[in-house]
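Report on the following structure.
In what follows, chains carry the letters A, B, and so on, assigned in the order in which the sequence lines appear, proteins first and then strands, with residues in each chain numbered from 1.
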Number of protein chains: 2
Amino acid sequence: MDSKVVERGALENEKETPQEQEQEQVVNPWEVAAKDGGKIDYDKLIEKFGCQRLDPSLIDRVERLTSRRAHVFLRRGVFFAHRDFNEILNAYERGEKFYLYTGRGPSSEALHLGHLIPFMFTQYLQEAFKVPLVIQLTDDEKFLWKNLTVEESRRLARENAKDIIACGFDIRRTFIFSDFDYVGGAFYRNMVEISKRVTCNQVVGIFGFIGEDHIGKYSFPPVQAAPSFPSSFPHLFSGKDNLRCLIPCAIDQDPYFRMTRDVAPRIGYHKPALIESLFFPALQGETGKMSASDPNSAIYVTDSEKVIKNKINKYAFSGGQDSIEKHRQLGANLEVDIPIKYLSFFLEDDAELEHTKKEYGSGRMLTGEVKQRLIEVLTKLVERHRRARAAVTDEMVDAFMAVRPLPNMFN
Amino acid sequence: MDSKVVERGALENEKETPQEQEQEQVVNPWEVAAKDGGKIDYDKLIEKFGCQRLDPSLIDRVERLTSRRAHVFLRRGVFFAHRDFNEILNAYERGEKFYLYTGRGPSSEALHLGHLIPFMFTQYLQEAFKVPLVIQLTDDEKFLWKNLTVEESRRLARENAKDIIACGFDIRRTFIFSDFDYVGGAFYRNMVEISKRVTCNQVVGIFGFIGEDHIGKYSFPPVQAAPSFPSSFPHLFSGKDNLRCLIPCAIDQDPYFRMTRDVAPRIGYHKPALIESLFFPALQGETGKMSASDPNSAIYVTDSEKVIKNKINKYAFSGGQDSIEKHRQLGANLEVDIPIKYLSFFLEDDAELEHTKKEYGSGRMLTGEVKQRLIEVLTKLVERHRRARAAVTDEMVDAFMAVRPLPNMFN
């Protein structure tokens, strides 16, 4: 699993000819590329993937069921699509609990803001619904797809676990595992059950693998599918094969779970439900050529206040006009403005956000002022994360990753 | 892994058109089919696979190094081919030890004589060289290829373990494991290391998988490859990454280990050495249409004396002549005679075997007499196996399958 920053250009697993690439957007777990010169068309993606838009009535229901205000990522449409989320809420309303499953492919030392989004949201879901959570660190995937050793992947998994724990998960309800450590036993048996029900042609169709790809790639989808089934965690869910699973993730992970949902009823489980997010845009905007390997395309949780300030002032793509005169006259184009996009992810105050958009869109507020506010918001967020992460000890990582029962996970 | 009875006819994983099937013999882990109307051409197989014939000088060396007579399966050419067996002997001569690895795909309740061959031979190797042994029960493979549940495959693995233990393995030097139970941790990490170095095109070329095959098949070869590397067994071989591995198996398993040998140096291990056997012929002979699912095509270790007698008298293909007169005149055709084949596998006494072949081949001995002797030999073998198996308790199975160090395995 991974949380994508939208990028274009030289991509791994490239299958399309240059012409095709220009014609169609490509979204899969390893590649997110908008149509040439444009933004990701999420309506088209929903239609192509066959998931549903998360409508306001569902968000109202979440607020009613959890007796608290919906998370800003729900209110602002960051999590915008779903599969069977209504079924999860129906079950919850009947008094049935569920469990959450999310994950991360540990390919880099430091996380950027886009990586935090599913975890911040999952932490909210765990707290609001009081449900257990499993977090998969796909160190095997990153070893298979990247130029990393097994040991380096495992080390990154532990490092990333610290950032994840810093998001505030409840240790009484959270099990974090690395594939290289945890795969085996009941989990392996589920992997093999799944593998038997998915053909080579299907994974080629879903993921675009080619004959020259190594079989590690062909073997991996069942590894990401297995945590969708409660029996993969006998220490947590023994005798609870009927427990439903809800997966918060970025929408590029949908192909894995389309496959999983196809297999689920054939091996006697509920289809996992999904709640899916947009991609977090790069600083340079959603349309330009960007690269996740360019440190200036994203804000990292390790960036200092000075670096954040510099990155935003220098690189954050502005929808403002070229001159102050023109700006006062025409206002900013909020559709392409990155400071406004970022604020809409991370500025909690709805009224302030609306005010800022109105003032900036009409030209009364300048880009510099909006960027200044964004710098404040992100510096505060990153500072808070850094403090929380510094407090995460190796013993805490061990405790979250210990294969253990969670006796009070549903209370 | 599995030990094949030569069969022809309707086969799983059939890729060839009927014409091609008639033209060429097919030998892979799931299919052993001779050229139409003929026997398996082992010379051709050696040439095609690129392994070596086991020449008499190697057998002499084994006798010298182990200070005991070579096993009848070596003397009679049942184990007839190898890869780097000389390297194993070189290392052994230098004072380096090695470990043995063999296995079985647990698809049936009762084993037939063909299934016993690799285990009888491996037991001899273990005793003669005083080396540790790992035995893989590929319950995952059988689940993937056959119409079995995970639980049924695991049950068969334990049942088959009893037959294997009955072959006389030394518990101080033997670790038996089922994939569904043991895969994980270091073993899984090696699986993934291997998977990354084998392309889809390669497994298609080696194993003949097709697009309609499920990805379980594509994922499996690294599972059978992993035990070739000592680091897959940290409880046994921790810090001994340089330890060599010798794999006794039927030659249909060669494709797995060709693949493994290709990968080995790229991940820092010795290539596993192999010592490979012929296929054990079915009662009806090596050329007719036979099926392993026909209980009358093989002698099972569960067959009673009466059943053995009946099967051999009724079904064992005879190279004798149609009438006694003709037989006395022409003698038996030993090349196609199953009683003689079976005796050459299981009659220990070289002089008696030579005498029988001479007398029978010249027509002085009749088929009935040879069959009578075979019935005695097999009844004794099966009786001995049955007694040994009856003495194998569940506690012994647990003990052999316990993940534990083997402190004196090299002494």
Side-chain angles (χ1 to χ4, degrees), chain A residues 138-151 153-154 177-207 209-223 225 231 259 263 266-268 403, chain B residues 138-151 153-154 177-207 209-223 225 231 259 263 266-268 403:
Chain A
T138 57
D139 45 8
D140 51 352
E141 178 208 3
K142 289 304 164 186
F143 166 77
L144 287 167
W145 263 268
K146 305 275 179 184
N147 186 21
L148 288 170
T149 64
V150 168
E151 282 319 307
S153 300
R154 291 174 77 194
F177 64 99
S178 117
D179 290 338
F180 273 141
D181 289 335
Y182 183 69
V183 164
F187 191 100
Y188 177 65
R189 293 193 284 274
N190 276 348
M191 279 164 55
V192 178
E193 289 267 18
I194 296 158
S195 302
K196 191 173 178 175
R197 272 91 180 176
V198 181
T199 68
C200 181
N201 287 342
Q202 282 177 298
V203 295
V204 165
I206 297 169
F207 300 104
F209 299 151
I210 57 173
E212 286 75 28
D213 281 332
H214 57 67
I215 52 173
K217 294 188 180 183
Y218 290 76
S219 309
F220 180 72
V223 182
S231 61
M259 183 198 89
V263 171
R266 294 192 278 148
I267 59 175
V403 178
Chain B
T138 57
D139 44 8
D140 51 352
E141 178 207 2
K142 289 304 163 186
F143 166 76
L144 287 167
W145 264 267
K146 305 275 180 184
N147 187 22
L148 288 170
T149 64
V150 168
E151 282 319 306
S153 300
R154 291 174 77 193
F177 64 99
S178 117
D179 288 338
F180 273 141
D181 289 335
Y182 183 69
V183 164
F187 192 99
Y188 177 64
R189 293 193 283 274
N190 276 347
M191 279 164 55
V192 178
E193 288 268 17
I194 297 159
S195 303
K196 191 174 178 174
R197 274 90 180 178
V198 181
T199 68
C200 180
N201 287 342
Q202 281 177 299
V203 295
V204 165
I206 298 170
F207 301 104
F209 299 151
I210 57 174
E212 287 75 27
D213 281 332
H214 56 67
I215 52 172
K217 294 189 180 182
Y218 290 75
S219 309
F220 180 72
V223 183
S231 61
M259 184 197 90
V263 171
R266 294 192 278 147
I267 58 174
V403 179

Relative to chain A, which of B:G184, B:C200, B:G216 shows the most heavy atom pairs under 4.5 Å?
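Looking at each of B:G184, B:C200, B:G216 in turn, B:C200 comes out on top.
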For A:D181 and B:R189, what are the C-alpha separation, side-chain angles and deciding distance, and is it a side chain to side chain contact (heavy atoms under 4.5 Å, CB included)?
CA-CA 8 Å; A:D181 289 335; B:R189 293 193 283 274; 3.4 Å; yes
I need the A:K217 NZ to B:S195 OG distance, nearest 0.5 Å.
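So the NZ of A:K217 and the OG of B:S195 are separated by 12.5 Å.
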Name the region of B:V198, side chain, backbone, both or neither, that has any atom closer than 4.5 Å to a heavy atom of chain A.
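For B:V198, backbone and side chain are both near chain A.
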Quick check on B:E193 against chain A: is it the side chain, the backbone, both or neither that has a heavy atom closer than 4.5 Å?
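Contact with chain A is through both the backbone and side chain of B:E193.
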Do you know which of A:T149, A:V183, A:V204 has the most heavy-atom pairs under 4.5 Å to chain B?
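The residue among A:T149, A:V183, A:V204 with the greatest pair count is A:V183.
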Do B:I215 and A:T199 have side-chain heavy atoms sitting under 4.5 Å apart?
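Not touching, per the 4.5 Å side-chain cut-off.
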If only atom types and distance count, is the side chain of A:K196 paired as donor or acceptor with the main-chain N or O of B:F143 below 3.5 Å?
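Present.
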Residues B:V192, A:V150; criterion side chain to side chain contact (heavy atoms under 4.5 Å, CB included); working and verdict:
CA-CA 9 Å; B:V192 178; A:V150 168; 5.9 Å; no
Which residues pass the ring-ring contact (aromatic ring centres under 6.0 Å, His included) test with B:F187, sequence neighbours left out?
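So B:F187 forms a ring-ring contact (aromatic ring centres under 6.0 Å, His included) with B:F177, B:Y182.
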B:Y188 and A:D140: side chain to side chain contact (heavy atoms under 4.5 Å, CB included), yes or no, with the steps?
CA-CA 9 Å; B:Y188 177 64; A:D140 51 352; 2.6 Å; yes
